[in-house]
Amino acid sequence: MNFQGKVVLVTGGSRGIGRSIAEEFGDCGAAIVINYRENDKAAEDTLQMLKKKGIYAIAIKGDISDYNTAKNIIEEIIKKFGKLDILVNNAGISKIGLFIDMDENDFDSIINTNLKGVFNICHNAVEHMLKVKRGRIINISSIWGEVGASCEVAYSASKGGMNSFTKALGKELAPSGITVNAIQPGVIDTEMNKWLSKDEKQELVNEIPMMRFGEGKDIAKAAVFLASNAASYITSQVITVDGGFI
Ligand code: NDP
């Protein structure tokens with residue numbers, strides 16, 4: 001895969017899956033913009049890792065759940081590079097707990113980050129992609145968006161919404177040369193799952209036919225494929241990468 005001269009934005013690119021996606025695109029020659037919300041240290045570590053490999057990378061801090069912040073992130077990229085070729089909507093949060101114990105703020109923050117955040121970034125990025133009639137959008141969803149997870153009702157709803165958003169926007173933008181697809185990972189070994197005990201992790205692993213959690217790289221490889229010329233006739237799809245879990 002060769003992404004020389006391409007500009008890629010990875011929201012939530014400072015840690016976990018986003019970090020692996022940024023690295024994979026960087027290894028293929030792209031210029032990388034990572035966005036994050038608050039953890040400056042993680043963003044700095046990721047930038048250093050990318051730069052050590054000779055990858056051109058910058059970080060833009062900002063909460064994508066806020067429309068104007070998302071607008072500023074895209075404007076900063078256009079000002080600096082004059083374009084945005086590939087957008088990976090990866091930033092996301094989760095909260096585990098019984099539905100009955102969830103309060104309105106929990107629900108709002110998950111929906112506002114995982115679903116409205118994708119609208120906020122896409123709405124501003126698509127404006128520029130439409131001008132050049134070219135672009136790739138890849139949304140990082142979750143298997144729970146398809147099958148639903150107990151104790152993750154808001155999260156499942158946000159990712160289910162993201163899947164429908166992907167299918168609809170892909171159809172609308174197809175005539176304009178822009179593809180929109182989603183990847184729905186299974187369980188990936190990141191900080192998002194740090195709340196699981198050793199025994200709980202083992203129980204989960206026992207349910208996965210490939211008998212292991214996924215790695216960020218498993219998702220990053222799929223993202224790079226969807227952004228490549230090899231995937232030019234693929235749009236509006238939600239692709240599962242879960243070791244056979246669902
Ligand atoms: P992590 O918790 O490891 O990293 C989350 C990243 O998103 C961080 O960079 C964080 O920045 C950023 N972020 C969170 N909220 C915002 C916000 N409002 N604005 C900007 N950036 C934000 O998550 P993962 O790598 O595990 O998950 C990445 C994506 O993959 C998520 O969408 C998640 O739902 C999805 N996913 C993960 C799975 C897993 O098992 N890990 C499985 C299926 C899907 P900061 O550190 O500064 O807060």
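Heads up: numbering here begins at 1 and tracks the sequence. First listed ligand is number 1; within each ligand, the first listed atom is number 1. Because only heavy atoms are used, hydrogens play no part in the values below, and waters and symmetry mates are left out as well, while side chains stay in. No experiment lies behind these values; they were computed from the predicted model shown.
When D242, N163, N139, V147 are each tested for a side-chain contact (heavy atoms from CB on, under 4.5 Å) with Q184, only one passes: N163. Here the options are V205, D189, D218, V187, the test is side-chain contact (heavy atoms from CB on, under 4.5 Å), and the partner is R212; only D218 passes.
Of the N or O atoms in I64, one or more lie within a sub-3.5 Å distance of an N or O in ligand 1. For ligand 1, the polar-atom distance check finds an N/O of E38 within less than 3.5 Å of one of the ligand's N/O atoms. In terms of polar-atom proximity, S142 is not counted as a contact of ligand 1, lacking any N or O under 3.5 Å from an N or O of the ligand. Taking distance alone, with nitrogen or oxygen atoms compared against 3.5 Å, S14 approaches ligand 1 more closely than that limit. Ligand 1 has a nitrogen or oxygen under 3.5 angstrom from a nitrogen or oxygen of I188. Considering backbone and side-chain atoms alike, I93 places every N or O at 3.5 Å or more from each N or O of ligand 1.
With hydrogens left out, the protein atom closest to atom 12 (C) of ligand 1 is G12 CA, 3.5 Å, a heavy atom. Regarding atom 25 (O) of ligand 1, its nearest protein heavy-atom neighbour is I17 N, 2.8 Å.
In this structure, G186 has a heavy atom closer than 4.0 Å to ligand 1. Using 4.0 Å as the threshold, Y155 has a heavy atom nearer than that to some atom of ligand 1. The closest approach between a heavy atom of K159 and any atom of ligand 1 is below 4.0 Å. Heavy atoms of A42 stay at 4.0 angstrom or farther from ligand 1.
No part of I219 comes within 4.0 Å of ligand 1, judged by heavy-atom distances. At a 4.0 Å heavy-atom cut-off, ligand 1 touches S141 through the backbone alone. Residue contacts with ligand 1, taken as heavy atom pairs separated by less than 4.0 Å, do not involve I143 at all. Residue contacts with ligand 1 for T11 are absent, since no atom lies close enough (heavy atoms, distance under 4.0 Å). Of the heavy atoms in T113, only side-chain atoms (C-beta onward) come closer than 4.0 Å to ligand 1.
Look at E23 and K53 and you find a salt bridge, because one of the NZ, NE, NH1 or NH2 atoms lies within 4.0 Å of a carboxylate O, short of that distance. Taking a cutoff of 4.0 Å between a charged side-chain nitrogen and a carboxylate oxygen, R136 and D85 do not qualify as a salt bridge. Salt bridge D63/R37: absent, no basic N to carboxylate O contact under 4.0 Å. Between E76 and K80 no salt bridge is recorded (no basic side-chain N to carboxylate O distance below 4.0 Å).
Of the candidates K41, R15, M192, K116, the one placing a heavy atom closest to atom 46 (O) of ligand 1 is R15. The residue among L204, N193, I140 with a heavy atom at the shortest distance from atom 39 (C) of ligand 1 is N193. Atom 22 (C) of ligand 1 has its nearest heavy-atom neighbour, among G13, A43, A91, in A91. Proximity annotation for atom 15 (N) of ligand 1: of R19, R37, K194, M162, R37 comes nearest, heavy atoms only. With T190, N90, I21 as candidates, the residue nearest to atom 28 (C) of ligand 1 on a non-hydrogen basis is N90.
Applying the 6.0 Å contact sphere to NZ of K221 captures no more than 12 heavy atoms from other residues, nucleotides or ligands.
To the nearest 0.5 Å, atom OG of residue S20 and atom CD of residue E215 are 8.5 Å apart. The distance from the OG atom of S14 to the CZ atom of R19 is 9.0 Å, given to the nearest 0.5 Å.
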(request) Walk me through it: do N2 and C28 pass the test side chain to side chain contact (heavy atoms under 4.5 Å, CB included)? (result) CA-CA 5 Å; N2 187 348; C28 296; over 6 Å; no

(message) If you apply the rule side chain to side chain contact (heavy atoms under 4.5 Å, CB included), what do you find for I86 with F3, and how did you get there?
(response) CA-CA 10 Å; I86 298 156; F3 288 91; 3.6 Å; yes

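I93 and L98 fall into different hydrophobic clusters, defined by Ile, Leu, Val, Met, Phe, Trp and Tyr side-chain heavy atoms under 4.5 Å apart, directly or through other members. Side-chain heavy atoms closer than 4.5 Å link hydrophobic residues (I, L, V, M, F, W, Y) into clusters, and following such links, possibly through other members, connects I21 to I239.
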